[in-house]
Q: 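Below: one structure in structure tokens.
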Amino acid sequence: MTGAPDIQQALIEEFGNEAISGANLEAIDPWIEVAPGSIVAVSTFLRHDERFLFDHLNNLCGSDYLQPDPKKAKTFEHDPHVEVVYHLSSFTHKHRITLKVKLPRWVDDVEGQLPSCPSVVSVWAAADWHEREAYDLVGIRFTGHPNLRRILCPEDWEGHALRKDYEFPLEYHGIRGK
Amino acid sequence: MTTELQDPRIVEYDVRTDEMLVNMGPQHPSTHGVLRLLLRTDGEIVHEVTPHLGYLHRCAEKIGENLAPPQWVPYTDRMDYLAGMNMNLGMSLAVEKLVGMELSEKAQVIRVLIAELGRVASHLVGMGAYGLDLGTFSPFLWAFREREIVLDLFEEVCGARLTYSYITPGGATHDLPSSINLPPGLAALTNQSPDTTVSWTDALTQFLNWLEPRIEEYHTLLTRNQIFIKRTAGLGVLSPEMAKSFGCTGPVLRGSGVDWDLRRDGEEIYTGMYQGYDFDIPVAPFDAAPPEAVLGDNWCRFYVRMMEVVQSIRLVRQAIEKYATAEGNYRETFKLATKLPVDECYLETECPRGQMGFYLVGDGSSEPFRARAKSSCFCNLAVTSPLSEGFLLADIPAIVGSLDVVMGEIDR
């Protein structure tokens with residue numbers, strides 16, 4: 001069992017403050033923020049290091065932090081961004097940690113230009129389908145993914161449904177929406 | 001004239017058949033709902049399997065972001081529709097973890113009882129449908145005869161037979177009923193009048209007494225059946241390393257010999273419910289295995305489920321005992337307007353098919369800002385293609401069936 005502060009400490013020692021760009025150790029499930037460029041190296045380290053052995057990727061998902069409701073936006077604490085969240089656990093040591101990678105909502109603020117994050121398929125095979133799902137529903141491109149296609153929606157679907165500003169299509173192959 | 005072969009490879013090349021793409025599903029009976037498998041075959045040999053999902057996709061996560069947690073409960077029923085109670089439980093516990101709610105002893109006992117009974121019902125379908133995949137019809141009918149009584153009992157508790165919405169944030173919607181008419185199925189099987197009035201827990205005990213000896217019959221019918229063994233043992237072998245890497249959980253993981261069950265190894269909010277209960281976790285390899293079986297094959301995955309039914313019956317019996325003396329109310333108030341804190345949590349629970357996870361992000365309003373349901377079958381199904389490559393076409397239903405997937409949960 002290793003606690004989140006020790007994991008954060010070890011990661012900073014190994015990769016430096018720039019790669020481990022933030023953390024919230026007070027959260028119910030403590031999380032550590034990793035710079036997009038370092039996520040594969042950090043994952044590989046956590047997966048294979050004897051002290052951690054995070055051999056189970058429980059969950060990988062994207063979330064879109066944008067508050068479209070102007071009333072709620074006043075109290076909303078986050079700047080607009082999207083996150084990739086990795087929930088890891090270890091069969092050997094029975095500990096858990098959450099990693100986060102923060103990305104811009106769109107590249108250069110151009111709507112439709114999906115942000116990219118390096119793929120961790122080489123570390124956990126489970127990431128394959130989960131990254132496809134995050135691409136499909138949240139609109140995050142995973143660079144280095146072997147087969148980044150939509151998985152739940154049809155291949156000709158437009159938009160990414162879990163984006164907060166997603167608009168439901170009015171028509172799809174002659175089927176009326178809304 | 002000599003007929004000796006010059007080079008066997010040349011002949012092999014000559015008689016090679018063309019590759020063919022075969023579409024299996026989405027309406028194929030042995031794909032368990034609406035799974036479509038695209039098979040690249042060479043004669044009878046399968047070279048590649050590509051699963052196509054999403055026929056049941058309704059974006060339950062988006063719906064969850066627009067509803068208060070108690071309103072989202074009915075949507076979780078429709079994820080794994082064969083184990084609605086366990087889905088309700090996982091989601092409710094995640095919400096309780098987020099808001100920091102503690103439940104009374106009675107609510108916890110009811111939850112263990114109902115969740116384990118749900119596991120029995122779900123594994124019965126798993127067993128029966130697996131028999132059906134392999135071409136035997138009787139186990140399916142037998143399993144549904146038993147499951148019918150469980151559904152009758154659930155109906156007495158909450159009024160629904162499939163989509164229960166019984167376990168909600170804060171406890172459960174009703175207490176267990178004190179007096180019911182004996183379920184008709186149970187009355188017929190035990191030669192009693194259907195007008196007999198008993199307490200709900202007595203009816204359940206009668207059912208368990210009736211069910212327990214039947215498990216031996218299933219073993220005779222399937223587990224030790226030579227045809228069944230020939231179709232399952234040594235096929236679809238999933239190594240422990242591969243199971244871990246693909247994120248497989250539940251019976252699929254334990255069938256590969258990884259001793260991991262969240263009821264024992266999970267988070268405190270979940271394991272606390274099972275404190276004081278005595279139960280074992282069946283893990284392959286088994287002494288009862290036929291000589292043909294190898295670690296992580298179809299047979300092991302099937303047998304883990306059968307053994308879990310026995311353990312769940314044990315748990316239900318203990319829960320019935322505890323229920324008689326459990327104190328407290330069966331529910332705490334959880335209002336629709338309850339504000340979720342600005343925080344986030346992720347919780348996995350051990351559902352019949354594996355670890356179902358719920359990830360909730362609160363933003364101070366009553367609806368979660370992000371509601372994510374991580375499906376266990378989604379990961380379990382991902383191993384289909386590596387497991388099936390090089391096997392015969394007829395073995396594909398045996399391999400997919402042994403993973404026991406429910407498409408409602410995969411597509412969400």
Side-chain angles (χ1 to χ4, degrees), chain A residues 24 26-29 31 47 53 55-67 69 71-72 75-78 83 85-87 89-92 94 96 98 100 121 123-130 132-134 136-138 147 149-155 157 161-164 166 168, chain B residues 50-59 61-62 65 97-100 240-249 253 258-260 262 265-267 341-348 355 357-365 367 369-375 378-379 381-383 386 410-412:
Chain A
N24 182 354
E26 308 296 309
I28 300 175
D29 288 324
W31 51 265
R47 165 75 181 78
L53 287 176
D55 43 8
H56 190 191
L57 176 69
N58 292 70
N59 177 34
L60 187 158
C61 68
S63 349
D64 180 17
Y65 283 82
L66 173 80
Q67 185 51 271
D69 185 346
K71 273 187 208 159
K72 288 182 179 173
T75 53
F76 193 64
E77 292 174 3
H78 308 272
E83 272 176 11
V85 190
Y86 306 78
H87 290 99
S89 64
S90 165
F91 288 113
T92 321
K94 298 191 179 182
R96 284 180 296 274
T98 308
K100 283 188 175 191
V121 172
V123 189
W124 300 282
D128 185 343
W129 282 20
H130 279 122
R132 281 177 67 186
E133 192 188 335
D136 187 356
L137 298 181
V138 191
N147 181 21
R149 289 182 297 126
R150 285 182 182 269
I151 188 164
L152 292 174
C153 295
E155 284 186 22
W157 195 260
L162 286 179
R163 288 277 179 148
K164 291 284 178 182
Y166 172 75
F168 197 79
Chain B
T50 318
H52 289 262
L53 333 170
Y55 290 92
L56 281 181
H57 182 54
R58 57 234 116 131
C59 216
E61 295 175 11
K62 187 84 172 177
E65 288 170 11
K97 182 181 171 187
L98 183 63
V99 299
E241 292 73 29
M242 198 167 133
K244 284 180 186 175
S245 176
F246 273 89
C248 295
T249 47
L253 182 69
V258 181
D259 190 2
W260 185 263
L262 285 185
D265 307 311
E267 293 188 37
V342 186
D343 206 335
E344 55 180 70
C345 82
Y346 180 69
L347 183 74
E348 288 196 346
Q355 291 167 213
F358 285 91
Y359 172 57
L360 298 167
V361 180
D363 67 344
S365 68
E367 296 98 21
F369 183 73
R370 174 82 167 96
R372 153 99 176 140
K374 176 254 162 186
S375 154
F378 188 76
C379 297
L381 182 69
V383 296
I410 293 174
D411 293 342
R412 285 152 291 152

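So you know, we letter chains A, B, ... as the sequences are listed, proteins then strands, and number each from 1.
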Q: To the nearest 0.5 Å, what is the distance between CD (Gln67(A)) and OG (Ser365(B))?
A: 7.5 Å
Q: What part of Arg132(A) is in contact with chain B, defined as an atom under 4.5 angstrom from a non-hydrogen atom: side chain, backbone, both or neither?
A: neither
Q: Indicate the atoms forming the closest heavy-atom contact of Phe369(B) with Leu66(A), along with that distance.
A: CZ-O, 3.6 Å
Q: Indicate yes or no: at least one non-hydrogen side-chain atom of Val361(B) is less than 4.5 angstrom from one of Tyr65(A).
A: yes
Q: Between CG of Asp343(B) and CD of Glu26(A), what distance do you get to the nearest 0.5 Å?
A: 10.0 Å
Q: Shortest non-hydrogen contact from Arg163(A) to Lys62(B)?
A: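 That closest heavy-atom pairing would be O-NZ, 3.0 Å.
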Q: Look at Arg412(B) together with Glu133(A) and state whether they make a salt bridge at an N to O cut-off of under 4.0 Å.
A: yes
Q: For Leu152(A) and Ile410(B), work out which heavy atoms get closest and say how close.
A: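 Scanning both residues, the minimum pair turns out to be CD2-O, 4.0 Å.
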Q: Using 30° and 60° as the class boundaries, would you call the ring planes of Tyr346(B) and His87(A) parallel, tilted or perpendicular?
A: parallel
Q: Give, for atom CG of Asp265(B) and atom CZ of Phe91(A), the distance between the pair rounded to the nearest 0.5 Å.
A: 9.5 Å
Q: Roughly how far, to the nearest 0.5 Å, is the CD atom of Gln355(B) from the OG atom of Ser89(A)?
A: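 If we round to the nearest 0.5 Å, Ser89(A):OG and Gln355(B):CD are 7.0 Å apart.
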Q: To the nearest 0.5 Å, what is the distance between CG on Leu347(B) and CG on Asn59(A)?
A: 12.0 Å
Q: Heavy atoms only, distances under 4.5 angstrom: which of Leu137(A), Asp29(A), Thr98(A) has the most pairs with chain B? Name it, please.
A: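 Between Leu137(A), Asp29(A), Thr98(A), the count favours Asp29(A).
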Q: Is the shortest heavy-atom distance from the side chain of Asn58(A) to the side chain of Glu348(B) under 4.5 Å?
A: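 SC-SC contact between Asn58(A) and Glu348(B) confirmed.
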Q: Within this structure, what is the SG-NZ distance for the pair Cys61(A) and Lys374(B), rounded to the nearest 0.5 Å?
A: 11.5 Å
Q: Quick one: closest heavy-atom pair of Tyr359(B) and Ser63(A), and the distance?
A: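 Nearest pair, atom of Tyr359(B) first, then Ser63(A): CE2-OG, 4.2 Å.
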Q: Using non-hydrogen atoms and a 4.5 Å limit, figure out which bit of Arg150(A) sits close to chain B: side chain, backbone, both or neither.
A: neither
Q: Partners of Ser245(B) by side-chain contact (heavy atoms from CB on, under 4.5 Å), sequence neighbours excluded?
A: Ala125(A)
Q: Is the side chain of Arg370(B) donor-acceptor paired with the backbone N or O of Gly62(A) at a distance under 3.5 Å, no angle test?
A: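 Yes: the side chain of Arg370(B) pairs with the backbone of Gly62(A).
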Q: If you take all heavy atoms of Cys379(B) and His130(A), which pair is closest and at what distance?
A: SG-CE1, 3.4 Å
Q: Between Phe378(B) and chain A, which part of the residue has a heavy atom less than 4.5 Å away: side chain, backbone, both or neither?
A: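 Phe378(B) touches chain A through backbone and side-chain heavy atoms alike.
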Q: List for me each residue that meets side chain to side chain donor-acceptor pair (under 3.5 Å) alongside Lys244(B), sequence neighbours excluded, and say none if there are none.
A: none
Q: Is Tyr55(B) close to Pro154(A) at the side-chain level, that is, under 4.5 Å between some pair of heavy atoms?
A: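 The answer is no, as the side chains (C-beta and beyond) never meet within the 4.5 Å cut-off.
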Q: At a heavy-atom separation under 4.5 Å, does Asn24(A) approach chain B through its side chain, its backbone, both, or neither?
A: neither
